[in-house]
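To find a chain, count down the sequence lines: A is the first, B the second, and so on, and within it residues start at 1.
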Amino acid sequence: MRSSRLFGKTLRQVPSEAESISHQLLLRAGMIAQESAGIYAFLPLGRRVLRKIEDIVREEMDRAGGQEVLLPVLQSFELWLQSGRLTSFGKSLFTLVDRKEHKLALGPTHEEVISELVHRYVQSYRDLPLLLYQIQTKFRDEPRPRGGLLRVREFLMKDLYSFDIDEAGLDENYERMARAYENLYARLGLPVLMVEADSGAIGGKDSHEFMVVADTGDDKIIYCPDCGYSANAEKAQGFKKTVNSVSLLPLEEVATPEAQTIEEVASFLGVLPERTFKAVFYFADGEFVFAVIRGDMDVNETKLKNALRCEELRLATEEEVKKTGVVAGFASPVNVRGIKIVADDSIARGANFIAGANKRGYHLKNVNYPRDFQPDIVTDIALARSGDSCPRCDGKLLSTHGIEVGHIFKLGTLFSKKFGASFLDRDGASKPVVMGCYGIGVGRLMAAIVEHSHDGRGIIWPMSVTPYQVYLCPLYLDDPEVSSAAERLYLELQSAGIDVLFDDRDESPGIKFNDADLVGVPLRLTVSPRTLKNQTIEAKWRTEKKAQLLPVEGIAAEVRKLLDEREVSGRP
RNA sequence: CGGGGUGUGGCGCAGUGGUAGCGCGCAUGGUUUGGGACCAUGAGGUCGGAGGUUCAAGUCCUCUCACCCCGACCA
């Protein structure tokens with residue numbers, strides 16, 4: 001490609017709307033252009049990168065045994081009613097109405113469509129296992145698009161769905177996909193952390209996310225440097241020690257005037273916060289919920305939401321709390337009637353805790369579960385934090401941020417049951433197909449690569465996804481020797497099957513070098529009178545300071561060799 | 001949805017109620033050229049939109065739209 005003909009321009013100034021580094025660089029390099037909030041056009045350079053990433057994803061899915069399909073973007077509302085996810089997706093679903101007043105959704109994902117499809121074509125255990133995938137544009141009306149390609153409303157995504165006769169088959173495919181994902185990220189030059197994830201409203205057994213560690217990531221990861229335990233903060237567990245494990249003492253009311261917060265109560269009574277109970281009030285799908293947790297911990301709302309199996313969870317307002325008769329600051333799970341109580345299991349790890357007395361100015365001492373109160377649910381609803389002890393070893397947990405570039409789920413029979421996707425086993429018994437789903441955001445991967453691989457001058461593309469392999473950079477084009485050598489070289493490289501971006505513009509060396517660095521092409525070939533008089537061309541890697549001289553004669557073969565070495569080593 | 005911010009030429013920005021500007025980019029000509037050159041000339045704007053106040057509105061008022069950031073939210 002000739003730069004003079006290339007659609008899209010590099011920008012010297014950063015467009016003011018761009019905050020994240022990948023957003024800035026992709027805009028400046030002329031890879032993408034914003035059309036609307038969370039909606040982007042891919043310009044020729046960006047399109048090439050996106051296609052290369054897509055091809056790598058496709059290759060790895062094929063290699064893992066996947067078969068590619070293309071599914072409808074326009075999906076009937078009935079499908080969503082049938083799965084019951086109309087409400088859980090809620091406002092994120094883009095909807096429209098056709099001329100017959102029939103409601104349709106722009107597909108945000110394809111579990112419904114694929115389950116319905118498989119229901120029609122899979123009848124026997126002989127048809128399984130089956131791996132189907134598609135790579136196509138999906139739509140989600142995100143509450144807040146952000147960070148350029150990191151969170152958008154219209155995006156290219158790969159989803160693979162696995163169909164098995166039983167859990168064992170699912171487990172096997174799950175492992176297979178996890179390995180395929182690892183290959184794929186390695187080929188993209190991305191170091192990725194596989195972390196335990198919350199499976200959310202979709203339910204299911206296991207779920208893992210693949211994270212690129214980056215400050216700009218909007219997911220928080222909790223991990224243990226000692227044993228390798230890592231999980232999304234929504235899901236992560238911390239070790240809960242047992243406190244004050246002595247024999248149970250009788251309940252006792254004590255006056256605690258003015259002491260309302262955990263800190264105030266604890267210091268007033270001369271104990272550590274871990275000896276107290278903390279009460280937090282929520283509204284879950286319109287129902288008031290009293291959450292109890294030990295005073296040294298905080299409630300993880302994702303876990304609470306899962307425990308309650310609710311769609312919508314929010315903190316209760318002061319008024320709402322008042323209305324229930326609970327006394328904020330002195331609230332207690334003891335002797336509360338008609339209110340749903342959810343307790344973190346930390347309340348059972350220890351004895352003789354301090355809790356409110358449901359009476360202004362008083363607390364209760366020696367509160368014990370289950371002697372003094374009986375919550376509706378007791379489970380883990382605690383937020384794990386950096387500094388907590390690891391649940392698996394003696395290590396201390398740390399936290400970091402990550403960009404989610406892949407998410408895999410064991411769906412089980414959730415969708416197959418709803419869509420009647422069942423098969424007859426060997427014994428002629430009808431069973432629901434066991435499903436898994438495995439997603440990757442292709443556009444987000446592109447942004448993640450840039451977030452991970454860049455420097456002060458611009459993008460540094462890995463060889464595997466670079467829009468062009470070689471940046472052919474002639475200086476002093478008005479010198480006929482240079483222009484003819486450059487033109488000749490351009491043809492030779494192309495004939496050798498090398499992707500070349502030929503900067504045939506009549507620009508100064510500074511501009512050309514800077515553009516080459518900004519666009520991030522791995523290898524730059526500089527043609528100038530200086531080296532040409534010795535029959536040589538200067539070759540410089542994007543990642544290196546120093547250049548090397550290559551003889552003009554047979555240069556295409558030499559460049560081919562250099563590129564192949566890089567590709568194999570996986571270095572940019 | 002709550003809080004904050006910004007809308008003026010392709011991009012970045014300035015602009016006291018009184019003739020719409022600067023830098024970059026773009027066009028033409030010339031001199032230049034190893035890390036974003038210089039000179040000259042020139043094109044390009046219904047100041048996000050709609051109302052209103054005023055002799056006069058980019059500037060003041062009301063409404064509205066879009067975009068960005070923080071939070072909520074986010075298989």
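Under the 3.5 Å distance criterion, the side-chain polar atoms of A/His23 are left unmatched by any main-chain donor or acceptor of A/Ala447. Under the 3.5 Å distance criterion, the side-chain polar atoms of A/Lys512 are matched with a main-chain donor or acceptor of A/Asp503. Judged by distance alone, the side chain of A/His119 and the main-chain N or O of A/Gly420 form a donor-acceptor pair under 3.5 Å. With hydrogens and angles disregarded, a donor-acceptor distance shorter than 3.5 Å links the side chain of A/Lys418 to the backbone of A/Ser83.
A/Arg314 comes within contact range of no nucleotide atom at all, as no heavy-atom separation falls under 4.0 Å. At the heavy-atom level, A/Leu475 lies under 4.0 Å from base atoms of the strands shown. Note on A/Glu538: a base of the nucleic acid sits closer than 4.0 angstrom, heavy atoms only. Counting any heavy atom pair closer than 4.0 Å across all strands shown, A/Asp159 reaches a base atom. Note on A/Gly147: only backbone sugar-phosphate atoms sit closer than 4.0 angstrom, heavy atoms only; bases stay farther off. If you check every strand for non-hydrogen atoms under 4.0 Å, A/Lys305 touches sugar and phosphate atoms only. As judged by a 4.0 angstrom heavy-atom cut-off over every strand, A/Asp515 is placed among the base-contacting residues. Heavy atoms of A/Ser207 sit nowhere under 4.0 angstrom from any nucleic acid atom.
A donor and an acceptor atom sit less than 3.5 Å apart, one in the side chain of A/Arg524 and one in the base of B/G35. For a distance-only test at 3.5 Å, the side chain of A/Arg12 fails to qualify as a donor-acceptor partner of the base of B/C11.
Closest to the side chain of A/Gln13, out of B/C26, B/C11, B/C73, is B/C11. Checking B/A72, B/G34, B/C67 against the side-chain heavy atoms of A/Ser528 singles out B/G34 as nearest. Of the candidates B/G36, B/C69, B/G34, B/G34 carries the atom nearest the A/Thr526 side chain, counting heavy atoms from C-beta on. Of the candidate nucleotides B/C73, B/A75, B/C67, B/C73 has the atom nearest to the side chain of A/Arg146. With B/U33, B/C24, B/G35 as the choices, the nucleotide that has an atom nearest any side-chain atom of A/Asp478 turns out to be B/U33. Out of B/C26, B/G36, B/C11, the shortest distance to the side chain of A/Pro15 is found at B/C11. Here B/A75 is the nucleotide among B/G71, B/A37, B/A75 with the atom lying nearest to any side-chain atom of A/Phe409.
A close approach under 4.0 Å does occur between a side-chain nitrogen or oxygen of A/Ser16 and OP1 or OP2 of B/G12. For the OP1/OP2 pair of B/C69 and a distance below 4.0 Å, the side-chain nitrogens and oxygens of A/Arg144 include at least one atom meeting the criterion. At B/A37, one or more side-chain N or O atoms of A/Ser508 fall inside 4.0 Å of OP1 or OP2 (strictly under the cut-off).
Nucleotides B/G48 and B/U8, compared at atom P, are 6 Å apart to the nearest Å. Distance check on atom C1': B/C70 versus B/C13 gives 25 Å, rounded to whole Å.
The minimum heavy-atom distance linking A/Gln34 with A/Leu27 is given by the pair N-CD2, 4.4 Å.
Of the two residues contacting RNA chain B, namely A/Thr531 and A/Thr109, the nearest-nucleotide position lying further toward the 5' end is that of A/Thr531. Taking for each of A/Gly38 and A/Leu518 the nucleotide of RNA chain B with the nearest heavy atom, the 5'-most of the two is the partner of A/Leu518.
Here A/Glu111 pairs with A/Arg85 in a salt bridge; the nearest charged N to carboxylate O distance falls below 4.0 Å.
Remark: B/G17 base-pairs with no nucleotide; criterion is Watson-Crick or G-U wobble with both hydrogen-bond distances under 3.5 Å.
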